[in-house]
Undergrad: 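Here it is, the structure in full.
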Amino acid sequence: MLGTAPQVDFWILLEYREQWTRKAVDDNELPDPVSSWLGDSIAALEKKGRKPRVQFIRQPRRATGPRKLFVSESSLLRSMSFSSYLDLTEIDLEQDVTEAQTSNFYCVCAHASRDLCCSRYGLATWNRLLELSEGRAWQSTHLGGHRFAPNVLVLPQGRLYGRVHLNKVDGFFSKVENGEVDYELLRGRSEFASEAQACECLVEHQVNSVLACDSDLVRFATTKGELEVNVPARREEMAVVASCGDDEPTYVRPFTDT
């Protein structure tokens with residue numbers, strides 16, 4: 001799984017209670033002005049060199065009352081509440097979402113209309129995380145990597161984990177809440193490129209940022225200074241079943257175990 005997290009450095013998590021279609025973020029019932037605002041916000045972030053990604057989130061028991069919007073970047077998580085989607089059209093995602101969240105936030109992919117694996121395995125994981133976290137776990141649309149279901153995004157650390165099956169949830173939750181990284185289940189730190197994701201677990205000290213990255217070498221800024229790490233080799237091409245509904249295999253070249 002290592003090095004398979006999509007590269008994202010600005011997460012946008014919008015509570016959307018209506019039914020999720022297969023491509024929910026693109027095919028939904030949001031008012032046209034809201035869809036335009038969302039598209040313009042993403043374009044503005046990309047123009048600045050950012051890598052934003054939108055996820056719809058929900059908690060089925062939240063059927064009424066104000067909705068929530070979360071944004072996460074640079075190990076920070078902020079939120080706001082809103083009554084109508086149209087309220088969002090005047091919002092600057094970088095400046096106007098100001099309520100700081102200090103506790104870990106868990107997004108579990110449970111997007112059944114995209115891939116049955118995600119609901120088949122993700123719902124049980126989400127239910128247990130919701131109980132353990134006392135409400136800090138949300139269902140999410142597609143996070144990528146169906147074959148790694150259940151997928152769990154943890155913010156504000158920005159790490160994506162895979163195969164967080166029900167029998168592993170308690171240990172996983174305990175590690176994350178204690179400020180640790182569950183390397184057995186880690187797919188990667190989303191703000192990093194795949195090579196840096198694969199190398200971070202080889203660094204003994206806390207990694208603050210990536211200073212340089214290519215297919216051979218990654219240079220990190222850590223709490224103990226700069227450190228260079230050789231990128232692990234990739235295995236030979238192997239066939240995987242990428243999705244529950246796939247009839248044909250997908251071919252990948254994962255990094256060697258580190």
Side-chain angles (χ1 to χ4, degrees), residues 1-13 41-55 70-78 92-95 97 100-101 104-105 107 142-145 147-148 151-163 175-176 178-238 240 242 250-258:
M1 292 191 291
L2 202 57
T4 65
Q7 191 174 7
V8 180
D9 63 9
F10 197 100
W11 291 95
I12 304 164
L13 312 171
S41 298
I42 293 169
L45 288 163
E46 290 176 339
K47 190 175 181 179
K48 295 179 180 180
R50 306 301 298 273
K51 294 178 173 59
R53 178 166 173 142
V54 179
Q55 302 289 141
F70 297 85
V71 297
S72 184
E73 58 172 330
S74 303
S75 299
L76 298 173
L77 177 64
R78 297 172 282 119
D92 183 320
L93 290 172
E94 294 182 281
Q95 302 295 329
V97 185
Q101 303 292 308
N104 290 312
F105 181 94
C107 285
H142 176 60
L143 284 166
R147 66 188 185 277
F148 303 129
N151 287 292
V152 181
L153 172 67
V154 180
L155 299 172
Q157 62 175 249
R159 288 189 174 90
L160 182 61
Y161 295 89
R163 297 176 180 147
K175 284 185 177 180
V176 173
N178 286 330
E180 303 173 35
V181 178
D182 193 330
Y183 288 107
E184 178 191 359
L185 304 175
L186 182 65
R187 290 183 57 190
R189 186 166 162 180
S190 63
E191 65 185 284
F192 294 167
S194 60
E195 291 82 4
Q197 293 177 21
C199 287
E200 186 185 16
C201 66
L202 301 175
V203 179
E204 191 173 319
H205 313 298
Q206 178 181 321
V207 171
N208 296 325
S209 63
V210 174
L211 301 175
C213 178
D214 58 34
S215 59
D216 298 314
L217 192 73
V218 178
R219 188 165 78 251
F220 293 107
T222 79
T223 51
K224 296 294 185 179
E226 293 186 16
L227 183 67
E228 291 186 342
V229 180
N230 292 316
V231 177
R234 288 187 180 269
R235 299 182 189 178
E236 294 183 1
E237 191 173 69
M238 60 186 294
V240 300
T250 296
Y251 292 89
V252 299
R253 294 188 66 221
F255 292 102
T256 53
D257 293 337
T258 50

Undergrad: Could you tell me whether the side chain of Phe255 reaches within less than 4.5 Å of the side chain of Val231, counting heavy atoms only?
TA: yes

Undergrad: Is a side-chain donor or acceptor of Gln157 paired with a backbone partner of Ser75 at a separation under 3.5 angstrom?
TA: no

Undergrad: Main chain of Arg253, side chain of Arg234: is a donor-acceptor contact present, judged purely on distance under 3.5 Å?
TA: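 Yes; judged by distance alone, with no hydrogens or angles, the pair exists.
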
Undergrad: If you round to the nearest 0.5 Å, how far is CD of Glu73 from CD1 of Ile12?
TA: 10.0 Å

Undergrad: Does a side-chain heavy-atom distance below 4.5 Å link Phe220 with Leu211?
TA: no

Undergrad: Do Trp11 and Leu155 come close enough that some side-chain heavy atom pair is under 4.5 Å?
TA: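 Yes, close enough: below the 4.5 Å cut-off.
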
Undergrad: Roughly how far apart are Glu94 CD and Ser41 OG, rounded to 0.5 Å?
TA: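 With rounding to 0.5 Å, CD (Glu94) is 9.0 Å from OG (Ser41).
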
Undergrad: Output yes when a side-chain donor or acceptor of Gln197 lies under 3.5 Å from a complementary backbone atom of Phe192, and no otherwise.
TA: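 Yes; at least one donor-acceptor contact below 3.5 Å.
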
Undergrad: Output the distance between atom CD1 (Ile42) and atom CZ (Phe10), rounded to the nearest 0.5 Å.
TA: 10.5 Å

Undergrad: Do NZ/NE/NH1/NH2 and the carboxylate oxygens of Glu184 and Arg163 come within less than 4.0 Å?
TA: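 Here Glu184 does not pair with Arg163 in a salt bridge, since their nearest N and O are not under 4.0 Å apart.
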
Undergrad: Is it the case that the side chain of Arg187 and the backbone of Thr4 share a donor-acceptor pair, with hydrogens and angles ignored and the cut-off at 3.5 Å?
TA: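 Confirmed, Arg187 side chain pairs with Thr4 backbone.
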
Undergrad: Looking at Leu76, is its backbone amide N or carbonyl O close enough to the side chain of Ser74 to form a donor-acceptor pair, meaning the two atoms are under 3.5 Å apart?
TA: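 Such a contact is absent between Ser74 side chain and Leu76 backbone.
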
Undergrad: Counting distance only, does the side-chain N/O of Asn151 pair as donor-acceptor with the main-chain N or O of Gly145 below 3.5 Å?
TA: yes

Undergrad: Would you call Lys51 and Asp9 a salt bridge, using N to O less than 4.0 angstrom?
TA: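 No.
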
Undergrad: State, yes or no, whether a side-chain contact exists between Leu160 and Pro6 at a heavy-atom distance under 4.5 Å.
TA: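 The answer is yes; the side chains approach within 4.5 Å.
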
Undergrad: Measure from the side-chain N and O atoms of Ser190 to the backbone N and O of Val8, and report whether any donor-acceptor pair falls under 3.5 Å.
TA: yes

Undergrad: For residues 197-222, pull every pair meeting salt bridge (charged side-chain N to carboxylate O under 4.0 Å, His left out), keeping only residues two or more places apart or in separate chains.
TA: Arg159-Glu200, Arg189-Glu200, Arg219-Glu226

Undergrad: Check whether any side-chain heavy atom of Gln7 sits under 4.5 Å from a side-chain heavy atom of Ser194, and report yes or no.
TA: no

Undergrad: Do Pro156 and Asn104 come within less than 4.5 Å of each other through their side chains, counting heavy atoms only?
TA: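 In short, these two side chains touch, coming nearer than 4.5 Å.
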
